[in-house]
Amino acid sequence: MGRHGFRRWLSRYRHYGRQEIRNPERELFLFRKRLWLTGLAMLLLFGVLLGRFFYLQVVAHQQYQTQAENNRIAIVPVGPSRGTISDRNGVVLAQSFSAYTLELTPSRVGDLEATLAQLGELIEITPRDLRRFRRAMDESRNFNSLPLRTKMSDEEVARFATYKYRFPGVDIRARLYRQYPVGEAAAHVLGYIGRINERDVEQLTQSGGLLNYKGTDHIGKTGIELSYEETLHGIVGFDEVEVDALGRAVRSLTRVPPIPGDHLQLTIDLRLQQLAEQALGESKGAVVAIDPNNGEILAMASMPGYDPNLFVEGIDVANWERLNTSPDKPLLNRPLRGAYPPGSTVKPLLALAALTSGKRTAEQSFSDPGYFDLPTGGGKAHRFRDQKPDGHGRVDMHKSIVVSCDTYYYVLASETDIDDTARFMSQFGLGQKTGIDLEGEAVGVLASRAWKRERFSGSRYREEHRRWYLGDSISAGIGQGYNNATPLQLAHATAMLANNGVSYRPHLVKRIIDGTTGQVKEIPPEETRRLELKPAHLAAIKKAMVDVNREGTAGRIFKDAPYTSAGKTGTAQVFSLRGERYVEEQLKRHLRDHAWFIAYAPAENPKIALAVIVENGGFGARAAAPIARVLFDYYLAGKRPATAAKPDDNDNDWDE
């Protein structure tokens, strides 16, 4: 391009540039277009704001007003006070008390481990406290407020209050705690409470009672605490509290107070209960004492026992291992769940069955050689031995009970159908639950043909296992073989016998006292059965049982007693002797026979009936009958244990 060409290009550029700048119509059009678009956008945005404002203020007004109110107001559940439990004389056995607790809400605590360490520098927190806290975290479905340190002193509360600002999510709360003032006494009757776990939550959800446990951390686990949980617990209340933006309470608005649980007065006589436990001493065993006139349980001892206070705040590992793994099974409620062969304690009932059916009369007798031979074929026989090797001479029904002659009942069993015997015995509550107001009662075994066929019905058993043999009947004839019963069942059967065949349901709660009004609700006796027994038959059995304690197997124990009593000793084999003679000294302690004794008194007007078992105690007269004497002396004569007969443990001259 030459010089003239460049000038022409520059001239055109300037001409068109001047034309573009000087076009006002185009500029005005562009400006109006932009202004219109901007205005439209602003109008749309303003419409959206107006629409949202209308929705919030008009359409959703009620919803958001409620949410705002809920954010301002917190509903705090208030757990009710648990009802007390006392014995028949008003002695407190279980009660609740209030104490301060240091609690954490894990969701509001930033560094949990650091917070725990800092709290430990301020207030004593033991390793057990930490283990209990961590276990509570594992068991809690929501991490609301969990106790770290319980039962704080006033000084510790004041110290923490000074530094509370350093610990968000940590508070002091007043909580109710359960206490068992008498310690181990009646522990298996009372049971204990424990922290609500996942299984409890599931059960409460199914029953529809979960809402009533808001604000409550504990629930009954065993014994009366479990069986009467609904009665003892009460009804939860709540506080309506105004809170600030940080969730802190500002003021209380309204309060619906909780309704405290009702109080229970038991039928147990604490002094009698403690005497029974002391009389058992270091032995494993059980005692059940019943008023035969109404079914009230006067004592229900199980030894060894445990302290229910250990469970209230969560039992520590060492104590749990000690209780749970002990071969003595201190957690086992022996009166309720301990099933043992009843031994010779069933002989009065077997004799009564024979009288009722006409298989025997009281006067019939035979000569006892000290054994019974059961033919087994091929000229052979299986020999069932009596406790007395040379026999008891001439024996009738009265003497068979007084001296506890096994041979008499071997012969009787061989001539009696087992199903007839089982039907009669079942009328006295054997082989079935008594219906006592405690959960977990064992059924026991009352053997019959139908029972054996069902018991051995599995494919691993052959037909010969299911068949009932005469030898089975003979073993059952002295309370051995398949049969077993709980101490509660035998005490109940004894009470029925004492009360001429009239049965009352055993029960532990005498009255319920309203926790608010104090109104008393009496628990009336519940008659469950009335047997049609001939008075002459009952009189024959009762006279023999009286003579057991006068001149028979328990005569030495009840010598010079200021009352007349009736009883029956018994021993229960732990393992089969296979025809050999029982020699206690040659057996290890855990292989020795269990010692039984059943009794009632006064014989002419019974006020108390009982059953005593001493595991591996040997002869019932030596180990179990003295315990009955202690309880009878106290309950009927007001005497202390020192007045009771004390047999010589080294004396082996005992008949059962």
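Just so you know, residue 1 is the first one in the sequence shown, and it goes up from there.
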Q: Taking all non-hydrogen atoms of both residues into account, name the closest pair between N484 and P341 and its distance.
A: CB-N, 3.9 Å
Q) Within a strict 4.5 Å, meaning less than it, do heavy atoms of the F311 and T222 side chains meet? A) no
Q. So how far is it from Y306 OH to I315 CD1, rounded to the nearest 0.5 Å?
A. 9.5 Å
Q) Please walk me through it: do F632 and L610 pass side-chain contact (heavy atoms from CB on, under 4.5 Å)? A) CA-CA 10 Å; F632 283 175; L610 53 74; 3.4 Å; yes
Q) How far does CG of N319 sit from CZ of R322, to the nearest 0.5 angstrom? A) 4.5 Å
Q) Atom CD1 in I85, atom OH in Y228: separation rounded to 0.5 Å? A) 10.5 Å
Q.
When you compare the side chain of L533 with that of N500, does any pair of heavy atoms fall below 4.5 Å?
A. no
(Q) Return the OG1 to NE2 distance between T434 and H492, rounded to the nearest 0.5 Å. (A) 6.5 Å
Q. For R530, does the CZ atom have more than 12 heavy-atom neighbours from other residues, nucleotides or ligands under 6.0 Å away?
A. no
Q: Sort out for me which residue in L102, L130, T101, L119 forms a side chain to side chain contact (heavy atoms under 4.5 Å, CB included) with R149.
A: L102
Q.
Any carboxylate oxygen within less than 4.0 angstrom of a Lys/Arg side-chain nitrogen, looking at R134 and E113?
A. yes
Q | Any T486 side-chain heavy atom under 4.5 Å of L336 side chain | A | no
Q. If you look at every heavy atom in P260 and P258, which pair is closest and at what distance?
A. CD-O, 3.6 Å
Q | Nearest-0.5 Å distance, NE2 of residue H507 to CD of residue E526 | A | 9.5 Å
Q | Test item: S283 side-chain N/O and G285 main-chain N/O as donor-acceptor pair under 3.5 Å | A | no
Q. Do other residues, nucleotides or ligands put more than 12 heavy atoms under 6.0 Å from K510 NZ?
A. yes
Q | Ion pair check, K221 and D200, cut-off under 4.0 Å | A | yes
Q. Can you name the closest pair of heavy atoms from V189 and L438 and give their distance?
A. O-CD2, 4.1 Å
Q) Is Y100 atom OH crowded by more than 12 heavy atoms from other residues, nucleotides or ligands, each under 6.0 Å away? A) no
Q) With a 4.5 Å limit on heavy-atom distance, are the side chains of P330 and H188 in contact? A) no
(Q) Does E532, at its CD atom, have more than 12 non-hydrogen atoms belonging to other residues, nucleotides or ligands within less than 6.0 Å? (A) no
Q: Check for a donor-acceptor pair, side chain of S426 on one end and backbone N or O of R423 on the other, with a separation under 3.5 Å.
A: yes
**Q.** Close side-chain approach of E225 to L232, heavy-atom, < 4.5 Å
**A.** yes
Q: Measure from the side-chain N and O atoms of N309 to the backbone N and O of P181, and report whether any donor-acceptor pair falls under 3.5 Å.
A: no
Q: Please report the C-alpha distance between L116 and I125 in whole Å, then the side-chain angles of each, then the deciding distance to 0.1 Å, and finally whether the side-chain contact (heavy atoms from CB on, under 4.5 Å) criterion is met.
A: CA-CA 9 Å; L116 292 174; I125 299 175; 5.7 Å; no
Q. Do any N or O atoms from the side chain of E277 and from the backbone of M303 form a donor-acceptor pair under 3.5 angstrom?
A. no
Q. If every non-hydrogen atom of Q265 is compared with every non-hydrogen atom of R88, which pair is closest and at what distance?
A. NE2-O, 2.8 Å
Q) Does the R334 side chain pair with the main chain of K329, one donor and one acceptor, at a distance under 3.5 Å? A) yes
Q.
I want to check something: taking the side chain as every heavy atom from C-beta on, are R271 and N89 in contact at a cut-off of under 4.5 Å?
A. no
(Q) Walk me through whether H233 and Y213 qualify under side-chain contact (heavy atoms from CB on, under 4.5 Å). (A) CA-CA 9 Å; H233 178 261; Y213 282 80; 3.4 Å; yes
Q) How many angstroms lie between atom CD of E615 and atom NZ of K284, to the nearest 0.5 angstrom? A) 5.0 Å
**Q.** Side chain to side chain, E527 and V502, heavy atoms closer than 4.5 Å
**A.** yes
Q) Counting only N and O atoms by type, is there a donor-acceptor contact under 3.5 Å from the side chain of S302 to the main-chain atoms of N333? A) no
Q) So, the side chain of R529 versus the backbone of Q427: is there a donor-acceptor pair under 3.5 Å, distance only? A) yes
Q.
Applying side-chain contact (heavy atoms from CB on, under 4.5 Å) to V445 and R455, what does each step give before you reach the verdict?
A. CA-CA 11 Å; V445 174; R455 168 63 180 81; over 6 Å; no
Q: Please name the pair of heavy atoms, one in A495 and one in I290, separated by the smallest distance, quoted to 0.1 Å.
A: CB-CG2, 4.4 Å
**Q.** Side chain D262, main chain I512, donor-acceptor under 3.5 Å
**A.** no
(Q) Quick check on E230: does its CD atom have over 12 non-hydrogen neighbours (other residues, nucleotides or ligands) under 6.0 Å away? (A) no
Q.
Please find the pair of heavy atoms, one from T345 and one from I598, that lie closest to each other, and give the distance.
A. O-CD1, 3.5 Å
Q. How about P506 and I297: do any of their side-chain heavy atoms sit closer than 4.5 Å?
A. yes
(Q) Looking at Q489 and V443, would you say the former's side chain and the latter's main chain have a donor-acceptor pair under 3.5 Å? (A) yes
Q.
I'd like to know if the side chain of S227 and the backbone of E439 have a donor-acceptor N/O pair within less than 3.5 Å.
A. yes
(Q) Please report whether the ring centroid of Y192 lies less than 6.0 Å from that of Y180. (A) no
